[in-house]
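Worksheet: the structure to be examined is printed underneath.
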Amino acid sequence: MHRLFILLLAGLLLAGCNKSTDSGTDNDPVTASDTDADVVDEQPAEPVKLLPRRRVLAAFSGSETDPWTADMLGALGSQLHFDAWSQADADDYFDYYGPFDVTSGNLPLDLRIVLTGMDNVAGLERQQAAAQHLLEQVQEFSADLVWLDGDQLQYSAGRILLDNEFPVVFSGLTHDSSLYYEGEDAAAGFYRRHSVSGTMGRIWRDNKEALFHCIITDDSPEGMRRMVDFTDAEDLLGEGSTLHVLPPFTDWQALSEAIEEMPAEADDLIICAAAESGCSEALSGTEPPQDILAFCQVPVYVLGPSPLDMLGCTSLLVKPAAQVNEVLTVFDARLGRDIPMASIPTIVPEDMQAQRSEPSEVIPRSDG
């Protein structure tokens, strides 16, 4: 009897184990989930729904030999996956490329590129004639939007295009947009400037504890404007931060002396401009000494390009690709979602290219 009890108990346990195993096989939620996932994976992906095709004419102030224009077209071709230098044509005024069949996001575009060379057109009468010819090209192309790059093109053609009811997106702009588009609701775009927030972000990336910032510029109009950008944004530098402004320098010796006399508590030095266009002849006509930054005990950040770029500093350069990225967002907003141009803010893209060089040696001040 005892042996029979043991055998019955063993049989019940075995049956229970088998039932448990069968239950796991038939109702295992992981297995069911995997099966459902396989079914989902086998379903065809829903095709992207394209918006109605629109037409954009992109005009640049520079020519094909202008480095900024070349970089802009390279970035544009990379973003939209086409060769911006193909399908070339020309007339007595401009060089043309395209039109190209491209897609930005889910927005199909017919894109025509015009290199006006307006930066090198002298004389008001010739500029007006070129601007009128550009208007004729825009009308012939039936553009839904015109992209203008460069101050000279905004000055020469921006108002004419707006008066003929063509909305304008501008880029490559260094001067204040109100010079060309004050009170205008059909124009929006982006400045070709060094970003204050982008510069400070780079500094804090290198040293998150930096609080005392020295800043200096040459005597060029552009350098002075950049200095104003920083001083106007001083309250945005963060609690406990100090922006110590040094006098403008008019020659390399003055910059060297300013570096040696920097306050001991300085965490970094920002050079807004060095030998920028319009500066004194003592800067523009000479090269800086190779060791001019060797006496600086803190990191140097130069808003370049400048002759200081390879002499032991971090050079921050305005990035053409950042302008292209922002312009494509306007294409999407205006042509894809019908957002009014007046609702699109004018900004300075924060993304900049950083090039770092190291001095051969840093010379202590006491050895100066």
Side-chain angles (χ1 to χ4, degrees), residues 61-63 65-71 117-124 126-127 150-156 172-176 179 191-194 196 199 213-232 243-262 266 268-296 298-318 352-353 355-357 359-360 363 365 368:
S61 282
S63 64
T65 59
D66 173 53
W68 171 265
T69 302
D71 287 346
M118 194 73 78
D119 287 343
N120 298 318
V121 174
L124 182 59
R126 290 183 60 202
Q127 291 174 2
D151 282 278
Q152 187 58 55
L153 203 52
Q154 321 297 335
Y155 171 76
S156 302
L173 197 63
T174 56
H175 298 294
D176 194 298
L179 292 175
Y191 285 115
R192 177 182 173 179
R193 293 180 180 175
H194 294 82
V196 173
T199 301
H213 313 286
C214 288
I215 188 167
I216 194 171
T217 184
D218 63 15
D219 58 348
S220 67
E222 178 62 15
M224 296 295 188
R225 186 199 59 74
R226 294 175 190 173
M227 175 79 81
V228 171
D229 286 346
F230 275 86
T231 54
D232 284 350
L243 189 66
H244 181 74
V245 179
L246 301 171
F249 59 93
T250 56
D251 56 40
W252 299 117
Q253 179 62 30
L255 174 59
S256 181
E257 292 173 356
I259 289 174
E260 292 190 55
E261 296 170 3
M262 282 172 53
D268 48 67
L269 172 64
I270 303 168
I271 301 179
C272 291
E276 186 72 32
S277 176
C279 71
S280 62
E281 188 176 348
L283 286 170
S284 61
T286 60
E287 291 295 321
Q290 293 296 296
D291 63 350
I292 189 169
L293 302 180
F295 292 94
C296 193
V298 298
V300 179
Y301 298 86
V302 181
L303 308 188
S306 80
L308 301 175
D309 285 350
M310 300 306 296
L311 301 185
C313 62
T314 297
S315 299
L316 299 177
L317 310 176
V318 177
M352 294 184 290
Q353 181 180 351
Q355 298 179 349
R356 172 171 287 178
S357 62
S360 55
I363 303 173
R365 295 186 185 186

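Fair warning: this is a prediction, and the values are worked out from it, not measured in the lab.
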Worksheet item: Do the side chains of Pro305 and Leu317 get nearer than 4.5 Å, heavy atoms only?
Response: yes

Discussion item. For the backbone of Ile292 and the side chain of Ser256, can you confirm whether one donor and one acceptor N or O come within less than 3.5 Å of each other?
Written reply: no

Worksheet item: Can you tell if the side chain of Val318 reaches within under 4.5 Å of the side chain of Arg193, non-hydrogen atoms only?
Response: no

Worksheet item: Got a second to check how far Met262's CE is from Phe295's CZ, nearest 0.5 Å?
Response: 14.0 Å

Worksheet item: So, for Ser220 and Gly223, which heavy atoms are closest and what is the spacing to 0.1 Å?
Response: OG-N, 3.0 Å

Discussion item. Is there a side-chain contact between Leu255 and Leu308 in this structure, where contact means two heavy atoms from C-beta onward sitting under 4.5 Å apart?
Written reply: yes

Worksheet entry | Main-chain N/O of Ala275 paired with Asp218 side-chain donor or acceptor, under 3.5 Å | yes

Worksheet item: Which heavy atom of Gly278 sits nearest a heavy atom of Pro221, and at what distance?
Response: O-CD, 3.8 Å

Fill in: Side chain Asp176, main chain Leu179, donor-acceptor under 3.5 Å
no

Practice prompt. Carefully, step by step, assess Leu269 and Leu246 under the rule side chain to side chain contact (heavy atoms under 4.5 Å, CB included).
Written response: CA-CA 10 Å; Leu269 172 64; Leu246 301 171; 4.1 Å; yes

Worksheet item: Do the side chains of Ile215 and Tyr301 get nearer than 4.5 Å, heavy atoms only?
Response: no

Item to complete: Applying side-chain contact (heavy atoms from CB on, under 4.5 Å) between Leu316 and each of Thr199, Val302, Asp309, report the one that passes.
Response: Thr199

Practice prompt. Could you tell me which non-hydrogen atom of Gly312 sits nearest to which non-hydrogen atom of Ser357, and how far apart they are?
Written response: N-OG, 2.9 Å

Discussion item. With side-chain hydrogen bond (donor to acceptor under 3.5 Å, both in side chains) as the criterion, how do Asp151 and Thr174 come out once you've worked through the C-alpha distance, each side chain's angles and the decisive distance to 0.1 Å?
Written reply: CA-CA 7 Å; Asp151 282 278; Thr174 56; 2.7 Å; yes

Discussion item. Could you measure the distance from the CD1 atom of Ile259 to the CZ atom of Phe249? Nearest 0.5 Å is fine.
Written reply: 8.5 Å

Worksheet entry | Minimum side-chain heavy-atom gap His213-Phe230 below 4.5 Å | no

Worksheet item: What's the spacing between Arg192 CZ and Trp68 CH2 if we round to 0.5 Å?
Response: 4.5 Å

Worksheet item: For the side chain of Asp219 and the backbone of Ser280, is there at least one donor-acceptor N/O pair under 3.5 Å apart?
Response: yes

Item to complete: Please round to the nearest 0.5 Å and tell me the distance separating atom CD of Glu287 and atom CG of Leu311.
Response: 9.0 Å

Item to complete: Would you please name every residue forming a salt bridge (charged side-chain N to carboxylate O under 4.0 Å, His left out) with Arg225, sequence neighbours left out?
Response: Glu222, Asp229

Practice prompt. State, yes or no, whether a side-chain contact exists between Val298 and Cys296 at a heavy-atom distance under 4.5 Å.
Written response: yes

Fill in: Interatomic distance, Ile270 atom CD1 to Thr314 atom OG1 [nearest 0.5 angstrom]
11.5 Å

Worksheet entry | Arg226 (side chain) donor-acceptor with Leu303 (main chain) under 3.5 angstrom | yes

Discussion item. Any side-chain to backbone donor/acceptor pair from Asp291 onto Ala294? Under 3.5 Å, distance only.
Written reply: no

Discussion item. Closer than 3.5 angstrom, by distance alone: can the side chain of Gln127 be matched with the main-chain N or O of Val121 as a donor-acceptor pair?
Written reply: yes

